[in-house]
Amino acid sequence: MITAEYCRTMARYNQWQNNSLRDHVKAMDEDALRADRGAFFGSIFETLVHVLWADLLWLNRLDATIAVREADVATPAEWLAERFRVDGVIREWARGLKTVDLTGDVVWTSKIYGKTFTHPRQLCIAHMFNHQTHHRGQIHAMLTAAGCTTIDSDLIFMTEA
């Protein structure tokens, strides 16, 4: 389904796109970041925090040596720092993957659904990267609606990161 090289490419893509979002977070007024824009998580900021939280959760599910931490970021400045850190963790995790690391199942208990799930590791990895891309698309739309000029988000146009 996927390869270690796919994971490295998607980790670079994640970082490239988040670098662009960081520039907008730095430039935008905090009220504009927190304004309810009708998205699933409401605001640009809450959507950014959700993606960060999910990345931390999935990283821990995929590699128990990566400590799960609450994405407890209350301010844009805290999000900037934690996003930078987590992007580095994702890149290092992907850099170290071997084909054997993509085999087997991931088992976890969801607090939201109150049950235990078992899925193929490759599917879970693809989900993590897909989840990031999905919500960054929502953020991209909110930024565009707010009058921001965003970079192209197409994977094939990724610059070297």
Side-chain angles (χ1 to χ4, degrees), residues 1-2 5-63 66-95 106 108 110-114 117 119 122-161:
M1 182 176 175
I2 63 172
E5 188 55 37
Y6 165 84
C7 296
R8 287 186 277 279
T9 297
M10 293 307 293
R12 279 190 319 113
Y13 175 72
N14 171 67
Q15 187 174 48
W16 174 57
Q17 286 295 296
N18 286 335
N19 285 343
S20 171
L21 294 178
R22 268 195 285 283
D23 293 341
H24 290 291
V25 170
K26 289 177 190 174
M28 287 184 85
D29 173 84
E30 188 165 347
D31 288 339
L33 286 170
R34 293 182 184 275
D36 189 335
R37 298 180 186 277
F40 188 81
F41 291 98
S43 71
I44 293 168
F45 186 73
E46 288 304 317
T47 306
L48 291 167
V49 170
H50 169 74
V51 175
L52 179 62
W53 167 81
D55 284 351
L56 290 165
L57 188 66
W58 277 105
L59 282 169
N60 178 257
R61 288 174 179 168
L62 295 167
D63 183 344
I66 300 173
V68 67
R69 294 171 40 168
E70 286 293 320
D72 190 18
V73 294
T75 68
E78 290 171 344
W79 179 86
L80 288 163
E82 187 66 358
R83 183 74 263 176
F84 180 81
R85 185 191 75 77
V86 172
D87 287 348
V89 171
I90 293 170
R91 290 284 301 263
E92 285 302 309
W93 168 78
R95 191 176 337 238
V106 176
W108 77 95
S110 168
K111 291 180 183 176
I112 295 170
Y113 294 104
F117 291 90
H119 289 292
Q122 289 188 9
L123 181 63
C124 293
I125 293 169
H127 169 76
M128 179 181 75
F129 289 122
N130 185 66
H131 180 265
Q132 297 166 341
T133 301
H134 164 71
H135 286 298
R136 273 195 309 265
Q138 293 175 328
I139 295 164
H140 187 275
M142 288 187 279
L143 288 169
T144 301
C148 297
T149 302
T150 58
I151 66 168
D152 196 326
S153 62
D154 291 337
L155 177 62
I156 59 171
F157 298 121
M158 176 173 55
T159 58
E160 290 300 316

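Computed from a predicted structure; not experimentally measured.
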K.L.:
I'd like to know if the side chain of Thr133 and the backbone of Phe129 have a donor-acceptor N/O pair within less than 3.5 Å.
P.N.:
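Present.
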K.L.:
Under 3.5 Å, is there a donor-acceptor pair between the side chain of Arg37 and the main chain of Ser43?
P.N.:
no
K.L.:
Under 6.0 Å between the ring centres of Trp58 and Trp53?
P.N.:
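Trp58 vs Trp53: aromatic centres not under 6.0 Å.
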K.L.:
Report yes if the side chains of Met28 and Cys148 come closer than 4.5 Å at any heavy-atom pair, otherwise no.
P.N.:
yes
K.L.:
Any chance CZ of Phe84 has more than 12 other-residue heavy atoms, nucleotides or ligands included, within less than 6.0 Å?
P.N.:
no
K.L.:
Given His140 and Ser153, is the side chain to side chain donor-acceptor pair (under 3.5 Å) satisfied, shown in steps?
P.N.:
CA-CA 8 Å; His140 187 275; Ser153 62; 4.7 Å; no
K.L.:
Which heavy atom in Arg34 sits nearest to a heavy atom in Thr75, and how many Å separate them?
P.N.:
NH2-CA, 3.8 Å
K.L.:
With side-chain contact (heavy atoms from CB on, under 4.5 Å) as the criterion, how do Arg8 and Arg91 come out once you've worked through the C-alpha distance, each side chain's angles and the decisive distance to 0.1 Å?
P.N.:
CA-CA 7 Å; Arg8 287 186 277 279; Arg91 290 284 301 263; over 6 Å; no
K.L.:
Under 3.5 Å, is there a donor-acceptor pair between the His135 and Thr47 side chains?
P.N.:
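No, Thr47 and His135 have no side-chain donor paired with an acceptor closer than 3.5 Å.
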K.L.:
Looking at NE2 of His119 and CD1 of Ile125, how far apart are the two atoms once the value is rounded to the nearest 0.5 Å?
P.N.:
14.0 Å
K.L.:
Any chance you could measure Asp55, atom CG, to Trp93, atom CH2, to the nearest 0.5 Å?
P.N.:
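So the CG of Asp55 and the CH2 of Trp93 are separated by 10.5 Å.
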K.L.:
What is the minimum heavy-atom distance between Cys7 and Ala94, and which atoms define it?
P.N.:
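Result for this residue pair: O-CB, 3.7 Å.
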K.L.:
Before giving the answer on side-chain contact (heavy atoms from CB on, under 4.5 Å), spell out for Leu59 and Val86 the whole-Å C-alpha distance, their side-chain angles and the decisive distance to 0.1 Å.
P.N.:
CA-CA 9 Å; Leu59 282 169; Val86 172; 4.2 Å; yes
K.L.:
Walk me through it: do His131 and His50 pass the test side chain to side chain donor-acceptor pair (under 3.5 Å)?
P.N.:
CA-CA 10 Å; His131 180 265; His50 169 74; 2.9 Å; yes
K.L.:
Do Asn60 side-chain atoms and Ile66 backbone N/O form a donor-acceptor pair below 3.5 Å?
P.N.:
yes
K.L.:
Contact between Arg61 and Cys124 at the side-chain level, heavy atoms closer than 4.5 Å - yes or no?
P.N.:
no
K.L.:
Between Met10 and Ile2, is there a side-chain heavy-atom distance shorter than 4.5 Å?
P.N.:
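Not touching, per the 4.5 Å side-chain cut-off.
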K.L.:
Without swapping roles, check the side chain of Glu78 against the backbone of Ala74 for a donor-acceptor pair under 3.5 Å.
P.N.:
yes
K.L.:
Leu48 and Trp79: which non-hydrogen atoms are nearest, and at how many Å?
P.N.:
O-NE1, 3.4 Å
K.L.:
So, do Gln132 and Asn18 sit near enough that their side-chain heavy atoms are less than 4.5 Å apart?
P.N.:
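Not touching, per the 4.5 Å side-chain cut-off.
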K.L.:
Is the side chain of Tyr6 donor-acceptor paired with the backbone N or O of Met1 at a distance under 3.5 Å, no angle test?
P.N.:
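Not a single qualifying donor-acceptor pair exists.
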K.L.:
So, Gln15 side chain and Arg12 main chain: donor-acceptor pair closer than 3.5 Å or not?
P.N.:
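Not confirmed, Gln15 side chain does not pair with Arg12 backbone.
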K.L.:
Has Asp154 got a side-chain atom pairing as donor or acceptor with Ile156's backbone, closer than 3.5 angstrom?
P.N.:
no
K.L.:
For Asp87 and Arg22, what are the C-alpha separation, side-chain angles and deciding distance, and is it a side-chain contact (heavy atoms from CB on, under 4.5 Å)?
P.N.:
CA-CA 12 Å; Asp87 287 348; Arg22 268 195 285 283; 3.5 Å; yes
K.L.:
Is there a side-chain contact between Thr9 and Tyr13 in this structure, where contact means two heavy atoms from C-beta onward sitting under 4.5 Å apart?
P.N.:
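Counting from C-beta outward, Thr9 and Tyr13 never come under 4.5 Å.
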K.L.:
If you measure only the distance, is there a donor-acceptor pair under 3.5 Å linking the side chains of Arg136 and Asn14?
P.N.:
yes
K.L.:
Any side-chain heavy atom of Ile151 sitting closer than 4.5 Å to one from Trp16?
P.N.:
yes
K.L.:
Taking it one step at a time, do Ile139 and His24 satisfy side-chain contact (heavy atoms from CB on, under 4.5 Å)?
P.N.:
CA-CA 11 Å; Ile139 295 164; His24 290 291; over 6 Å; no
K.L.:
So how far is it from Ile90 CD1 to Arg85 CZ, rounded to the nearest 0.5 Å?
P.N.:
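Between atom CD1 of Ile90 and atom CZ of Arg85 there are 10.0 Å.
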K.L.:
Is there a donor-acceptor contact under 3.5 Å from the side chain of Asn130 to the main chain of Ala126?
P.N.:
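Not at all, since once roles are kept as given, no pair shorter than 3.5 Å links the two residues.
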